Amino acid sequence: MGKYYGGMQPPRTPARTVDPGSPEQAFYQASNYLSESSVGYWIKQAYLSLQRQLDLDMQELDLTGMQWGPLWLIRRGRADTVAACAREAGIDAGAMTRMLDRLEAKGLLERTRSTQDRRVVHVQLTRHGHEVAERIPHCLVRVLNRQLRGFSRAEVEQLLDLLQRFVHNGSGACAAAEPSSDPQP
């Protein structure tokens with residue numbers, strides 16, 4: 001089973017491949033499209049619901065639903081610079097810098113400029129930051145279990161599989177849309 005926020009397992013290869021242009025693949029039609037019936041709409045609603053719940057539960061750690069992410073990335077060794085935090089979190093460096101400003105003001109992390117390259121800013125947790133980061137999984141588990149209330153284990157595994165396939169399909173579409181660097185005949 002994948003883990004939330006940057007710890008997701010690599011997507012599994014879909015069980016079968018369908019040509020995106022085939023009639024079997026046409027789930028939506030522009031002539032009768034309703035956003036409320038869209039997978040994208042419901043994924044967005046699920047994300048917003050999860051963010052609201054994380055905002056509530058992370059209050060006990062004096063964090064917002066977004067601030068826990070960089071702490072967790074640093075704690076897990078997935079990022080040690082401002083740029084790496086931004087890249088792993090999928091936000092721009094400016095927004096990450098502002099978030100790290102707030103976390104530093106709370107005494108949760110420290111930033112130091114690299115002596116080899118002044119453009120690089122390293123980040124590390126303070127002792128207090130480590131203590132807070134250790135408590136993050138408890139909030140995540142509580143929120144995720146609440147959101148998954150009434151689901152069976154098989155349904156959760158299926159949901160993860162479906163979402164991973166959805167992401168994999170999108171990644172494949174992006175790769176297919178990129179211009180080739182090979183010279184054209």
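Not measured: the values here are computed from a predicted model.
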Nearest atoms (heavy-atom pairs only) where Y41 meets E36: CD2-CA, 3.9 Å
E110 CD to L100 CG distance, which is reported to the nearest 0.5 Å: 13.0 Å
Sub-4.5 Å side-chain heavy-atom contact between V39 and Y28: yes
Spatial distance of atom CD (Q124) from atom CG (L109) [nearest 0.5 Å]: 9.0 Å
Non-hydrogen side-chain atoms of C139 and L54 separated by less than 4.5 Å: no
Where P137 and W72 come nearest, the two heavy atoms and their spacing: CG-CH2, 3.3 Å
F27 reachable from I43 in the ILVMFWY side-chain graph, under 4.5 Å edges: yes
Side-chain touch L125/L71, heavy atoms, less than 4.5 angstrom: yes
M58 and I136, any side-chain heavy atoms less than 4.5 Å apart: yes
Any donor-acceptor N/O pair, R111 side chain to V121 backbone, under 3.5 Å: no
Rounded distance (nearest 0.5 Å) linking atom CD of E131 with atom CZ of R127: 6.0 Å
Heavy-atom donor-acceptor pair, R98 side chain to G94 backbone, under 3.5 Å: yes
Side-chain donor/acceptor of S49 to backbone N/O of Q45, under 3.5 Å: no
Close side-chain approach of L108 to H128, heavy-atom, < 4.5 Å: yes
Audit row: L50, L144, side-chain contact (heavy atoms from CB on, under 4.5 Å) steps and yes/no: CA-CA 8 Å; L50 191 60; L144 288 170; 3.9 Å; yes
Donor-acceptor contact below 3.5 Å, side chain D80 vs main chain H122: no
Heavy-atom closest contact (M99 atom, Q67 atom, distance): SD-CA, 3.8 Å
Rounded distance [0.5 Å steps], CZ in R135 versus CG in L61: 4.5 Å
Heavy-atom side-chain contact between Y33 and Q29 under 4.5 Å: no
Backbone of V141 reached by a side-chain donor or acceptor of N145 within 3.5 Å: yes
Side-chain touch S37/W42, heavy atoms, less than 4.5 angstrom: no
S114 (side chain) donor-acceptor with V120 (main chain) under 3.5 angstrom: no
Close side-chain approach of L160 and R165, heavy atoms under 4.5 Å: no
Flag, side chain of Q51 to backbone of L48, donor-acceptor distance under 3.5 Å: no
Pair listing, salt bridge (charged side-chain N to carboxylate O under 4.0 Å, His left out) test, anchored in residues 141-152, at least two apart: D57-R142, D57-R146, E60-R142
Shortest non-hydrogen separation from C85 to M96 and the atoms involved: O-CE, 3.4 Å
Atom pair CD1/CD of I74 and E88 - distance to nearest 0.5 Å: 11.5 Å
Pairwise distance CG(D55) to CG(L63) - rounded to 0.5 angstrom: 10.0 Å
